[in-house]
Protein chains: 2
Amino acid sequence: MATGTNSLELVVLGLLKEQDMHGYELKKRMTESLGLIMHASWGSLYPALARLEAKGAVKAVEARPAIPNIPMTGSLGGERAVFRLSGEGPRGSRNKKVYGITDIGSALFTAMLNNDSEIDEKGFAIRLAFANHMDSEKRLKMLRDRRDLILERVKSSRRNLEKKRFTLEPYVELVLEHFRLNNSSDLAWIEELIAKEESSMQTPETDLMVSQEVQDNL
Amino acid sequence: MATGTNSLELVVLGLLKEQDMHGYELKKRMTESLGLIMHASWGSLYPALARLEAKGAVKAVEARPAIPNIPMTGSLGGERAVFRLSGEGPRGSRNKKVYGITDIGSALFTAMLNNDSEIDEKGFAIRLAFANHMDSEKRLKMLRDRRDLILERVKSSRRNLEKKRFTLEPYVELVLEHFRLNNSSDLAWIEELIAKEESSMQTPETDLMVSQEVQDNL
DNA sequence: GCATCCATGTAACCAGTTACATGATTTG
DNA sequence: CAAATCATGTAACTGGTTACATGGATGC
């Protein structure tokens, strides 16, 4: 069972990796930055958080540390600040349940992100959105898999159209044509990403994303 | 609840409108002609058929009386069915259960097709695919609604990007950019369809919105 | 005569939705 | 102090999925 393909949990973990947040904030942030890609309703977000908490992937923390200008280094193990921070979020804090990601959560995030069995459009977009947390081999593999999948789909559609023994209704033809165009455009985009990825592999040093990843794993 | 916007049922009815079919055939046909747009699994198709039958929207018929225009290789099956069938139930010669659409089904199809509350991408594509069964006013309304929705989405995304107080991860930016491009392309396509629809309507005295837009374009 | 398609269905599960229920805090 | 917004959650439902169970027909 590829039960690890829960996109929402992946996104929650990905956002909590950046900074501690409570549910409401999480959703706001989600729609603000990823709104075009995906969205979540309260009825899915809170249960997702509860599931993650039950797994030990996230845990409630007392307060949110100030938005770090510099990536934190020593946040592990030590108690988070018990004191109120003067310049914190726009609203005061009570009743809020601020979540932070745990080591288990980080591991789960990586596992979900690297889980190859994801195939659908949205899942791909989400994984790609967090692709700076993957190593470039995995990234490349994901891109190539996606390309192959689309290619296969297009080919099979063309095959079906050729051997078709029936007349398509006019609007079906229209929609199909548009979908084919979209597929081509997606394909071109992915090919471009693959090319970029490949060329950047040949100059492995000074890769921002890699160094970020290294930082994350510390 | 039964009035829901069930895409699968809509498609089933739409296909049965063309010709009588049994479940297996239905699915084959579905993936052959609409494969890029949607797909169904056995576990969803057969229950959908059962639901439609329970509603009286489809019923099992003996053989396929069918559409004479489209040459089919299924005449052999028809012969056999006629041969074996005398007092038997609607369940055909083999174990096949050939379905036909009823008047109720036709009405349901129209109702679903004209149901405005549909908003998501797939639902739109499917409705558009069967848009030759809508009258052109409804078609136009659907197209405009879709255009407005995408427009709104793009605007809101742009708004969020402007006021953003956080740094987007690099790949998020990348994916977002692609989604924005896709939205633009969709938008252009829909505008084109709208224009075509308007020009083919040629009933200037009735539709206020059309005349307004025509004025704008002058 | 055995594999492979054709053909129909059920059961368990899954990720998500809408609608509901509740209450705290801020602001005009 | 009322309205809006912030904030968290539950319940019932929806529209699917995969895996399973079964068996007839075809073809090699």
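Each chain gets a letter, A, B and so on, in the order the sequences are listed, and its residues count up from 1.
Residue Leu8(A) is classed as a sugar-phosphate contact, given heavy-atom separations below 4.0 Å to backbone atoms only.
For Asn114(A), there are no side-chain hydrogen bond (donor to acceptor under 3.5 Å, both in side chains) partners, not counting sequence neighbours. With sequence neighbours left out, the side-chain contact (heavy atoms from CB on, under 4.5 Å) criterion links Asn182(B) to Ser185(A), Asp186(A), His178(B). Glu177(A) is linked by a side-chain hydrogen bond (donor to acceptor under 3.5 Å, both in side chains) to Arg180(A), counting only residues two or more places apart in sequence or in another chain. With sequence neighbours excluded, the residues satisfying side-chain hydrogen bond (donor to acceptor under 3.5 Å, both in side chains) with Arg144(A) are Glu198(A).
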Which side-chain N or O atoms in residues 34-53 of chain A pair as donor and acceptor under 3.5 Å with protein atoms at least two apart or in another chain?
unit_1: Ser41(A); atom_1: OG; unit_2: Ser44(A); atom_2: OG; d: 3.4
unit_1: Ser44(A); atom_1: OG; unit_2: Ser41(A); atom_2: N; d: 3.2
unit_1: Ser44(A); atom_1: OG; unit_2: Ser41(A); atom_2: O; d: 2.9
unit_1: Arg51(A); atom_1: NE; unit_2: Glu9(A); atom_2: OE2; d: 2.6
unit_1: Arg51(A); atom_1: NH2; unit_2: Glu9(A); atom_2: OE2; d: 3.1
unit_1: Glu53(A); atom_1: OE1; unit_2: Lys97(A); atom_2: NZ; d: 3.4

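Here the P atom of nucleotide dT8(C) and the NZ atom of Lys27(B) are 12 Å apart, to the nearest Å. Rounded to whole angstrom, the span from the OH atom of Tyr99(B) across to the C1' atom of dG9(C) amounts to 10 Å. What separates CG of Asp120(A) from P of dC14(C) is a distance of 17 Å, to the nearest Å. Regarding Asn6(B), its CG atom lies at a distance of 9 Å from the C1' atom of dT14(D), rounded to whole Å. Atom CG in Leu10(A) sits about 16 Å away from atom C1' in dG16(C), given to the nearest Å. Between the CZ atom of Arg51(A) and the P atom of dA15(C) there is a distance of 6 Å, given to the nearest Å. Rounded to an integer number of Å, the gap from His22(A) NE2 to dA24(C) P is 16 Å. At whole-Å resolution of the value, OH in Tyr46(A) and C1' in dA12(D) are 20 Å apart.
For the pair Glu197(A) and Lys141(A), the salt-bridge criterion is not met [side-chain N within less than 4.0 Å of a carboxylate O]. A salt bridge between Glu121(B) and Arg146(B) is present, with a side-chain N of the basic residue lying under 4.0 Å from a carboxylate O of the acidic one.
The phosphate of dG16(D) (OP1 or OP2) has a side-chain N or O of Lys122(B) nearer than 4.0 angstrom. For the OP1/OP2 pair of dG9(D) and a distance below 4.0 Å, the side-chain nitrogens and oxygens of Lys97(A) include at least one atom meeting the criterion.
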Below 3.5 Å is the cut-off: list the nitrogen or oxygen pairs between protein and nucleotides 17-21 of chain C, distance only.
unit_1: dT17(C); atom_1: OP1; unit_2: His39(A); atom_2: NE2; d: 3.3
unit_1: dT17(C); atom_1: OP2; unit_2: Ser41(A); atom_2: N; d: 3.3
unit_1: dT17(C); atom_1: OP2; unit_2: Ser41(A); atom_2: OG; d: 2.5
unit_1: dT17(C); atom_1: OP2; unit_2: Ser44(A); atom_2: OG; d: 2.9

